[in-house]
Amino acid sequence: MASVDECRQALHDLAARLDRNAEAQGRIDLDRTLACRITDLGTAFHGRLEGGRLVDLSDGDDPKAKIALSTCSDDLIALVHGRLDVMSAVASRRVSIKANPFDLMKLRKLL
């Protein structure tokens with residue numbers, strides 16, 4: 001099981017990767033609040049997707065987030081580092097993403 005600090009770092013790594021992708025691909029029209037819930041650690045993080053970038057990343061949950069991702073700590077680390085495909089993880093129920101269908105299509109472009 002990964003630690004809270006490792007999960008926090010993985011999300012910061014993801015934010016850096018999204019920054020690089022946003023610069024290369026141009027602005028993606030996706031401005032939504034985001035919550036990432038780590039089920040095995042009983043913790044969460046929240047932030048905002050803005051123009052394809054992950055900004056304002058903080059500890060704690062956002063129960064009103066428009067996009068909510070739930071997974072265990074090890075799967076979060078594997079997702080961020082490319083060892084777990086997000087579509088396979090969702091299909092196998094290792095990851096749950098709650099968002100409207102249009103937002104899900106835009107998220108696929110980011111990842």
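Values below: every heavy atom of this structure, side chains too, minus hydrogens, waters and symmetry copies.
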Atom of Met1, atom of Leu41 and distance for their closest heavy-atom approach: SD-CD2, 3.3 Å
For Glu6 against Ile77, the heavy-atom pair lying closest together: O-CD1, 3.4 Å
His46 vs Leu34 side-chain heavy atoms within contact, under 4.5 Å: no
Rounded distance [0.5 Å steps], OG in Ser58 versus CG in Leu11: 11.0 Å
Sub-4.5 Å side-chain heavy-atom contact between Asp62 and Phe45: no
Presence of salt bridge, Arg8 and Asp59, under 4.0 angstrom: yes
4.5 Å side-chain heavy-atom contact, Leu57 and Val55: no
Close side-chain approach of Thr71 to Leu69, heavy-atom, < 4.5 Å: yes
Lys/Arg N to Asp/Glu carboxylate O, Arg94 vs Asp75, below 4.0 Å: yes
Short side-chain to backbone donor-acceptor contact, Asp74 and Ala2, under 3.5 Å: yes
Check: Asn100 and Lys66 side chains under 4.5 Å, non-hydrogen atoms: no
Nearest-0.5 Å distance, NE2 of residue His12 to CG of residue Leu54: 8.5 Å
Within 6.0 angstrom of Arg83 CZ, more than 12 heavy atoms from elsewhere: yes
Closest non-hydrogen atom pair, Thr33 against Ala65: OG1-CA, 3.2 Å
From CA spacing to verdict: side chain to side chain contact (heavy atoms under 4.5 Å, CB included), Leu104, Ile67: CA-CA 9 Å; Leu104 287 173; Ile67 300 171; over 6 Å; no
Gln9 side chain to Asp5 side chain, donor-acceptor N/O pair below 3.5 angstrom: no
Asp40 side-chain N/O to Ser73 backbone N/O, donor-acceptor pair under 3.5 Å: yes
4.5 Å side-chain heavy-atom contact, Ile38 and Leu76: yes
Arg17 side chain vs Val80 backbone, donor-acceptor pair below 3.5 Å: yes
Which atom of Arg37 lies closest to which atom of Ala68, heavy atoms considered: NH1-CB, 3.3 Å
Validation row: Asp85, Leu79 side chains within 4.5 angstrom (heavy atoms): no
Nearest-0.5 Å distance, CZ of residue Arg48 to CG of residue Asp56: 8.5 Å
Non-hydrogen atoms of Asp31 and Gly51 that approach each other most closely: OD1-N, 2.8 Å
